[in-house]
Visitor: 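One structure, pasted below without further comment.
One is the number of the first residue; the rest follow in order along the sequence.
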Amino acid sequence: MAGRDKETINLVDSVAVTCHVFNGDQTKLALCPNSNEVHIYRKSGSSWSQECVLSEHGQRVLDMDWGAKRNRLVTCGEDRNAYVWTSEGGEWRPMLVLLRINRAATCVRWSPNEEKFAVGCGARLISICYFE
């Protein structure tokens, strides 16, 4: 990131951030404040404002990834599920993905073409999920 200015973003007071991810053009930020919620922030000029809160997970969200091509967010967490979030008309719609794992889903990443994503879990397994 040579030549890029460093910027400090103060969004959540006194809360640990479990995970965060920027969208493709870095105008939005998704972060998890160590809970079952994902907060979406939008950049307005030089400041950030909260756009919405996604709260479908039953337990703490541990990781997420934002697909730059199709603007979809995938989240996973301690509840052993993953959600694929699609923004339609300014509203985020969740799609539950049942992973059938017996431990917490700890990491998730989209494939380069964003048709599949991989989810790692505490049982040292990786689930490959196809999403249309």
Side-chain angles (χ1 to χ4, degrees):
M1 290 199 216
R4 184 176 261 192
D5 293 333
K6 292 183 181 178
E7 182 177 357
T8 302
I9 304 168
N10 296 318
L11 301 173
V12 182
D13 296 326
S14 303
V15 177
V17 174
T18 308
C19 54
H20 74 281
V21 66
F22 287 92
N23 69 342
D25 60 3
Q26 298 196 3
T27 58
K28 291 186 181 182
L29 167 67
L31 62 85
C32 174
N34 201 28
S35 70
N36 68 324
E37 297 178 340
V38 174
H39 295 226
I40 307 286
Y41 292 88
R42 173 188 294 276
K43 188 168 187 173
S44 304
S46 62
S47 64
W48 293 84
S49 60
Q50 187 171 2
E51 183 177 283
C52 65
V53 177
L54 313 177
S55 58
E56 289 294 315
H57 280 280
Q59 294 178 354
R60 184 172 43 159
V61 175
L62 296 178
D63 199 16
M64 64 183 95
D65 194 25
W66 204 321
K69 295 178 185 176
R70 297 186 180 153
N71 197 33
R72 292 188 299 202
L73 184 67
V74 61
T75 60
C76 69
E78 290 179 352
D79 59 1
R80 303 184 312 240
N81 293 323
Y83 284 91
V84 175
W85 300 85
T86 307
S87 179
E88 297 173 0
E91 186 176 328
W92 288 91
R93 301 198 182 270
M95 175 72 70
L96 174 63
V97 179
L98 296 174
L99 299 173
R100 296 187 178 142
I101 55 178
N102 62 359
R103 299 272 195 256
T106 57
C107 56
V108 64
R109 289 294 174 263
W110 282 108
S111 67
N113 64 5
E114 296 175 22
E115 291 178 359
K116 298 178 185 179
F117 59 90
V119 180
C121 75
R124 299 185 311 181
L125 299 172
I126 298 174
S127 298
I128 307 297
C129 305
Y130 184 78
F131 190 82
E132 293 179 347

Visitor: Look at the side-chain heavy atoms of Ile, Leu, Val, Met, Phe, Trp and Tyr, link any pair under 4.5 Å apart, and say whether V21 and V38 land in one connected group.
Guide: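 Yes, one cluster joins them.
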
Visitor: If you define the side chain from C-beta out and look only at heavy atoms, does anything of W92 sit under 4.5 Å from L73?
Guide: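 Side chain of W92 against side chain of L73, heavy atoms only: contact under 4.5 Å found.
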
Visitor: Shortest non-hydrogen contact from M64 to A30?
Guide: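 For M64 and A30, the tightest heavy-atom pair comes out as SD-CB, 3.7 Å.
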
Visitor: Shortest non-hydrogen contact from A104 to I101?
Guide: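 That closest heavy-atom pairing would be C-CD1, 4.4 Å.
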
Visitor: To the nearest 0.5 Å, what is the distance between CD1 on I40 and CG on N23?
Guide: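 Output value for this atom pair is 9.0 Å.
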
Visitor: Between F117 and V84, is a side chain to side chain contact (heavy atoms under 4.5 Å, CB included) present by the stated rule, with each step listed?
Guide: CA-CA 10 Å; F117 59 90; V84 175; 3.7 Å; yes

Visitor: For T18 and L62: C-alpha separation, side-chain torsions, deciding distance, then whether side chain to side chain contact (heavy atoms under 4.5 Å, CB included) applies.
Guide: CA-CA 6 Å; T18 308; L62 296 178; 4.2 Å; yes

Visitor: Passes side chain to side chain donor-acceptor pair (under 3.5 Å), N102 versus R80? Steps please.
Guide: CA-CA 7 Å; N102 62 359; R80 303 184 312 240; over 6 Å; no

Visitor: So how far is it from R60 CZ to D79 CG, rounded to the nearest 0.5 Å?
Guide: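 Atom-to-atom, R60:CZ and D79:CG are 11.5 Å apart.
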
Visitor: State the NZ-CH2 distance between K116 and W110, to the nearest 0.5 angstrom.
Guide: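 Those atoms lie 12.5 Å apart.
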
Visitor: T27 versus R42: any side-chain heavy-atom pair under 4.5 Å?
Guide: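 Counting from C-beta outward, T27 and R42 never come under 4.5 Å.
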
Visitor: Specify the closest pair of heavy atoms between S55 and E37, including all atoms of both residues, with the distance to one decimal.
Guide: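 Heavy atoms of S55 and E37 come nearest at CB-CG, 4.0 Å.
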
Visitor: With hydrophobic residues grouped by side-chain heavy-atom distances under 4.5 Å, do V74 and Y83 end up in a single group?
Guide: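 Hydrophobic grouping puts V74 apart from Y83.
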
Visitor: Once the angle between the rings of H39 and Y41 is folded into 0 to 90°, is it parallel (under 30°), tilted (30 to 60°) or perpendicular (over 60°)?
Guide: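 Parallel.
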
Visitor: Other residues, nucleotides and ligands only: do more than 12 of their heavy atoms fall within 6.0 Å of CD1 on I126?
Guide: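 Open.
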
Visitor: Show your reasoning for whether side chain to side chain contact (heavy atoms under 4.5 Å, CB included) applies to V97 and V119.
Guide: CA-CA 11 Å; V97 179; V119 180; over 6 Å; no

Visitor: With a 4.5 Å limit on heavy-atom distance, are the side chains of L99 and C121 in contact?
Guide: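 With C-beta onward as the side chain, the pair stays apart.
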
Visitor: Considering non-hydrogen atoms only, spot the tightest contact between S44 and S49 and give its length.
Guide: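 Where S44 meets S49 most closely, the heavy atoms are OG-OG, 3.7 Å.
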
Visitor: CD of Q50 to CG of L29: how many Å apart, nearest 0.5 Å?
Guide: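 That separation rounds to 10.5 Å.
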
Visitor: Does any non-hydrogen side-chain atom of R109 lie less than 4.5 Å from one of D63?
Guide: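 In contact.
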
Visitor: Is there side-chain contact between W66 and K28, with heavy atoms separated by less than 4.5 Å?
Guide: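 Sidechains of K28 and W66: in contact.
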
Visitor: Kindly work out whether a path of hydrophobic side-chain contacts (I/L/V/M/F/W/Y, heavy atoms less than 4.5 Å apart) joins W85 to V61.
Guide: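 Cluster IDs for W85 and V61 match.
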
Visitor: One thing to verify: whether E114 and R70 come together as a salt bridge, which I'm taking to mean a side-chain N less than 4.0 angstrom from a carboxylate O.
Guide: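 Salt bridge between R70 and E114, a charged N being under 4.0 Å from a carboxylate O: no.
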
Visitor: Would you mind reporting whether M95 and T86 have side-chain heavy atoms less than 4.5 Å apart?
Guide: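 A side-chain contact is absent here, since even the closest heavy-atom pair is not under 4.5 Å.
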
Visitor: Should N81 and L98 count as side-chain neighbours, where that means a heavy-atom distance under 4.5 Å?
Guide: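 Yes. Closest side-chain heavy atoms under 4.5 Å.
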
Visitor: Minimum heavy-atom separation for A68 to G24, with atom names?
Guide: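 Closest approach of A68 to G24: CB-CA, 3.7 Å.
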
